[in-house]
Amino acid sequence: MAIKDEVLKTLDMLKKAGYTPVDAVYEGAVGVKEDTTLAFMDKLDEKQLVSGVIRVIYTTDGKQVRFIEIPVGQGGEEQLAKEAGG
């Protein structure tokens, strides 16, 4: 069964059982180094359909791994405010 079908059937099953599904979200990682993927993320962000961070991973000398996190969506902005004491 395709993922889309499974999620939609699960949502329908919950509704029929008297529950109210609020949302279905993906948690994980998707590589966003490509322009087309970043453009897709922008579209999701505009529609407030994404929440989290984009982690840019790099090395300093070819050995030490570092990263920078860029908040995406409403959840990211709220997290920054909490960290800043707001």
Side-chain angles (χ1 to χ4, degrees):
M1 177 181 299
I3 294 169
K4 175 185 172 183
D5 295 334
E6 184 174 355
V7 171
L8 293 175
K9 285 182 180 186
T10 302
L11 291 170
D12 189 49
M13 176 184 64
L14 288 167
K15 288 178 192 174
K16 287 180 181 177
Y19 296 102
T20 304
V22 176
D23 204 352
V25 298
Y26 166 75
E27 292 184 22
V30 175
V32 294
K33 190 175 175 184
E34 301 297 323
D35 289 347
T36 54
T37 310
L38 286 169
F40 179 68
M41 292 296 292
D42 279 335
K43 288 180 183 180
L44 292 175
D45 188 33
E46 288 170 8
K47 297 177 182 178
Q48 297 182 354
L49 295 174
V50 65
S51 177
V53 297
I54 292 176
R55 185 172 290 139
V56 179
I57 303 165
Y58 65 100
T59 60
T60 57
D61 57 5
K63 297 178 184 176
Q64 301 240 330
V65 177
R66 300 283 189 258
F67 63 87
I68 298 169
E69 290 186 340
I70 302 169
V72 178
Q74 297 295 326
E77 292 171 6
E78 292 169 8
Q79 183 63 32
L80 277 181
K82 286 180 187 175
E83 290 174 5

Heavy-atom closest pair, residues V56 and I70: CG2-CD1, 3.9 Å
Using residues 8-17 as the side-chain source, report each donor-acceptor pair under 3.5 Å to any protein atom, sequence neighbours left out, with the distance given to one decimal.
| residue | atom | partner | partner atom | Å |
| --- | --- | --- | --- | --- |
| T10 | OG1 | E6 | O | 2.8 |
| D12 | OD2 | K16 | NZ | 3.2 |

task: For D5, check side-chain contact (heavy atoms from CB on, under 4.5 Å) against everything at least two apart and list the hits.
output: M1, A2
Residues that D42 engages under side-chain hydrogen bond (donor to acceptor under 3.5 Å, both in side chains), provided they are two or more places apart: none
- request: Using a cut-off of 6.0 Å, state whether more than 12 heavy atoms not belonging to Y19 lie near its atom OH.
  value: no
field: Heavy-atom closest contact (K33 atom, L38 atom, distance)
entry: O-CD1, 4.3 Å
query: What is the minimum heavy-atom distance between V50 and V72, and which atoms define it?
result: CG1-CG1, 3.5 Å
task: Please list, chain by chain and in numerical order, all residues satisfying side-chain contact (heavy atoms from CB on, under 4.5 Å) with I3, sequence neighbours excluded.
output: V7
query: Looking at Y58 and I68, what are the two nearest heavy atoms and their distance?
result: CE2-CG1, 3.9 Å
- request: Applying side-chain hydrogen bond (donor to acceptor under 3.5 Å, both in side chains), name anything that partners Q64, two or more places apart in sequence or on another chain.
  value: R66
Residues which pass side-chain contact (heavy atoms from CB on, under 4.5 Å) with E46, listed by chain and number, not counting sequence neighbours: none
